[in-house]
Every structure is written in structure tokens, then in C-alpha cells.
Number of protein chains: 2
Amino acid sequence: MRARYLTIKDYILDQIEIGVWRASDKVSSENELAQKFSVSRMTARKAVDTLCSEGTLVRSQGLGTFVADRRPVSSLLEIHNIADEVVGRGHDYTCRVIKLEEILTDKSAANLLEMSEKQNVYHSILVHLEDNIPVQYEDRLVNPKHAPDYIHQDFLAQTPNAYLSIVAPLTEADHIVEALVPSKTILSELDSDQPCLKITRRTWSRRGIASIAYLYHPGDRYRLGGHLQF
Amino acid sequence: MRARYLTIKDYILDQIEIGVWRASDKVSSENELAQKFSVSRMTARKAVDTLCSEGTLVRSQGLGTFVADRRPVSSLLEIHNIADEVVGRGHDYTCRVIKLEEILTDKSAANLLEMSEKQNVYHSILVHLEDNIPVQYEDRLVNPKHAPDYIHQDFLAQTPNAYLSIVAPLTEADHIVEALVPSKTILSELDSDQPCLKITRRTWSRRGIASIAYLYHPGDRYRLGGHLQF
DNA sequence: CAGTGGTCTAGACCACTGG
DNA sequence: CAGTGGTCTAGACCACTGG
């Protein structure tokens, strides 16, 4: 016999899923849930308990229980795959390919990739969406030496990050994190007017710099987190 | 009246702290705890519940409850001391103390510091300047238990971070990085109208959370960097 | 004030594990 | 088998919030 509190938990998750309860909304009280499902209040409470500890709901004594206003937190310490992150949060991941082309390095790109000027490099621009809301604008340069077939990939099936980690396993990375208001082009692709968290990340494989990525995240939809132990 | 399950929770944490129970050891059963503390099993269970959801204990039906194995250590990102950073760049470091006071915890501060409400905590606000230009607005709460003399320090001579790392050596930290436009008060102290990089950092010493800091950096004057090797 | 969540009791039956 | 955790009941009193 399946636990009754799980039925209630599913019910709450369903209501959130179909949009009956949205972020910051008040959900049914413990007594209402208990009555609706003909269980004791302790059992209804357990359903709410588990959703609180999972970060889906937040409680406030005397006020009620509310859908958490949740911006995702991801790790600074890992090289993350945005698709895995989104799916890991139980959300729908999609992506739009804005650009996928071969270009010649200019001075700045050549410097960053430690190549010489006017060499072929691959250039891709993608927008990653979580439940159809843009969460990352990814502008990436790739050294063809490390990933010769990069330009023929289907990035709807596999993110650039995931593909690169297979053909050119990472040995090293650096990143710079900053806050800024990006260009209008980028803001429009992100459908946002917020300041962005920009991550500039260079990744090395065994034979040198494989790729440089500029990742823009709307400040109100994305946070970076990390936990350290000494 | 303090909740009884918290007493039991503290007891379990103490036993782990002093080494009576080590990683993978079996801890007292729920019935034993209930009897020892003269509470119902549900109450003993609640203490174990919270420690499970915090990752300290793991349960196994039919077997018992065990101390969780330690999480992997990642010491890749350092806790920065802004003064060292600035001096390291060959620039002039100064700082303004905006506030240094003793206040009572409100609900939110109590939650974040894992203290109860209306306890004394120290509160400091500083602005750190590089060549006389503000680069960081630091709003910090400190648990007096970990640093009783915090409020008597001269932060023109030594940053809060440097002081705390001496009196309450760090064992753990977490941080969240986000981009936002801060309040007018903060913008005015920073003499900036740019979006900011906000770092929320909690630091632990052995006995719990020692301090929580909100660090605001104007987006055009500060970047966060890191380098990883695999 | 009525309603909310926070804690707690003293029971119960269950599924599961090892011996 | 006895002991463990997993679930559940039908109550209780409390602190807190808004009106």
C-alpha cells in the first residue's frame, strides 16, 4: 500500500505543475488537506514537511504555507551542463540555436584561444530555456583542432558542453564572473531587462584551449552557488 | 519552551562531535532515544528526521540509523580577503566603517544564523575602497558566541574577514552569487549606478554558523575569478 | 477573534533486516 | 523471532498572524 502522504504530496506538486498554485501563492492549509484526503493532520503535515525540506514550499507560522519563490542555484565549482541542471530540477529543458557558423579569428579571439589571427574557428550562439523561459545565452568559440565536427552537431539533442566534454575531455578551466547589463540583442534573446550574471569560461583539454564561452544569465532567474569544506 | 526534539538533536550532534559515534556508526534507535529522553517515539523520530534531511544521518529500515559518511571536500575557491586582494594588485586599500553595533536578531537573521530570535548579534557595515574608489559594500552579521570581541575591533587595521579567520577558524562556507541592482542606500555608498555582483556568504566554524556576509560589488569594478584543474 | 503552523502524546500496524 | 524504521491516528496545547 502506497503511503497516503505521498498521494497528498503528488497532489500538491500537480497543482503547482498545472499552474493552479504559482510562486508565492498560498496552498491549502494542513487542516484543509487533512479533510480533503480524509487523513489525520499529521499525515497531511508530513506531505508538506517533505516538500518544505525539498525547497518546494515554505511555511510561515500563523500565515500559511506558500509555494517557494525559487531561483535555481548551481555550483561554481563544477563545469555544469545546463541541460542536466534544468532536468535535475524536474523542469523542461529546450534550446534555440541562434547561430552555428565557421568564422575567422580576429585579434581578440585569437588571443583568448591562443591561436593566430585569421584562422578558422567555430562559433555558436544558443539560448537555453527552462520551462520555456530563457535562462542562459551561450556565445561560444571552439577551436576546430579539438572538435572538428562541432559544426555538424545537433545541439537540440546534446548541448555544446556535453559534446565537447566527450570529444575533448576537460583538463582545466577558468572562469570570470561579473554583473552587467548586456547588449540589447542579448537582452532581447533572453526576453529580459534585468542585469545579468556573465560567466566567461575557458576550457582546456589535454592539447590546449578547446573553447571559450560567454554565458549570460538574467539576474532574477539564475544564481550560482557553492559549498566548501576545509 | 524549547522544543524537545531539538534537545535530542543536539544530543546526537554532541555524540558525533565528541567522537562517540563516527561515520557509519549506528546511533541509538528511535525507541532508545524516546526512552532516554522520556518522549514519545514520534518526537525522537523528528530529531532523527531533521538530521537525515540535513545529511548528518542516514536511515535503513530494519537495520537502524547511521552517521552519514562525510561529503567530498572541494577547496577550490578561496575565501577572499578584500584588503589582501587590493594590496596584491599594488593598489591602495582603505575602508570606511558605516556601522558597528549590537542588535537583536529578527526572524530572518535568526534563521540564517540558526539562532533563536531576539538574541544579541553583532552587525557591521563597511565599505572597502581601492585607490579611494569603493569596490565592496560589506553588510555582516556575526554570532557573538564565536567572536565575543568582534564589536571592539578596529576594522581600519584588520578586515572583519581577517579577524574572524583568527578567532573562529573556518571549517565550512557556502556562497551564492547573483547579479542585481541594489538599494539606493547601497548604490550611494558605493558611489555607483551599476548593477552589482552580490555574494551571500555564510561561514561556519566548528560550533556552527559564525557569520553571514552580504557583499556587493559594482559590476564595472569587480569580477570574480577562478581556476580549476581536473 | 478564528485560523495558521509547531510541537507532542500514546498508542497502532506495517515492511524489512538479521540471526 | 525480536528489533528496526515507515506510516498513521485522533486527539491536545501552543505561538503566531491578520482582521
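- Not one N or O on the side chain of B:T200 forms a donor-acceptor pair closer than 3.5 Å with the backbone of B:Y214.
- D:dG3 atom P lies 16 Å from atom CZ of B:F66, rounded to whole Å.
- In this structure, the side chain of B:Q158 does not engage the main chain of B:D154 through any donor-acceptor pair within 3.5 Å.
- Between B:S40 and C:dA10 there is no side-chain polar atom (N or O) within less than 4.0 angstrom of OP1 or OP2.
- Per the geometry, CG belonging to B:L33 stands 14 Å off P belonging to C:dC8, to the nearest Å.
- Note: CZ (A:R2) to C1' (D:dG6) measures 14 Å, nearest angstrom.
- The side chain of B:N31 has D:dT4 as its nearest neighbour among C:dC8, D:dT4, C:dG18.
- Side-chain N/O atoms of A:Y5 include none lying less than 4.0 angstrom from OP1 or OP2 on D:dC8.
- When the P atom of C:dC8 is taken as reference, atom CD of A:E30 falls 15 Å away, rounded to whole Å.
- Along DNA chain D, the nucleotide nearest to A:L6 and the one nearest to B:G64 differ in position, and the one closer to the 5' end is contacted by B:G64.
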### Task
Give the intermediate values and the outcome of side-chain hydrogen bond (donor to acceptor under 3.5 Å, both in side chains) for residues B:Y150 and B:S124.
CA-CA 9 Å; B:Y150 183 80; B:S124 61; 2.7 Å; yes
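- Residues A:S38 and A:R4 come closest through the heavy atom pair O-NH1, 4.1 Å.
- Scanning both residues, A:R22 and A:V67, for their nearest heavy atoms gives O-CB, 3.4 Å.
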Read 5' to 3' with Watson-Crick or G-U pairs under 3.5 Å, [ ] for crossing pairs and | for partners on another strand, DNA chain D gives |.||||||||||||||.|.
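- When the P atom of D:dC16 is taken as reference, atom CZ of A:R59 falls 17 Å away, rounded to whole Å.
- In this model, the phosphate group of C:dG3 is not approached by any side-chain N or O of A:S29 to a distance below 4.0 Å at OP1 or OP2.
- Atom pair A:D49:CG and C:dC8:P shows a separation of 13 Å (rounding to whole Å applied).
- The closest side-chain heavy-atom distance from B:K36 to B:I8 is not below 4.5 Å.
- Between B:R201 and B:E138, no side-chain nitrogen of the basic residue sits less than 4.0 Å from a carboxylate oxygen of the acidic one, so the salt-bridge criterion is not met.
- Atom pair B:R4:CZ and D:dC13:P shows a separation of 14 Å (rounding to whole Å applied).
- Along DNA chain D, the nucleotide nearest to A:Q61 and the one nearest to A:V39 differ in position, and the one closer to the 5' end is contacted by A:V39.
- A side-chain donor-acceptor contact under 3.5 Å links A:R96 to the backbone of A:E189.
- Listed by residue number, A:R41, A:M42, A:R45 are the residues of residues 41-48 of chain A with a heavy-atom contact under 4.0 Å to DNA chain C.
- One can place NZ of A:K26 at 10 Å from C1' of C:dG5, the figure rounded to the nearest angstrom.
- Using the six-membered ring where Trp is involved, A:H217 and A:Y222 have ring planes that are parallel, under 30° apart on the 30 and 60° scheme.
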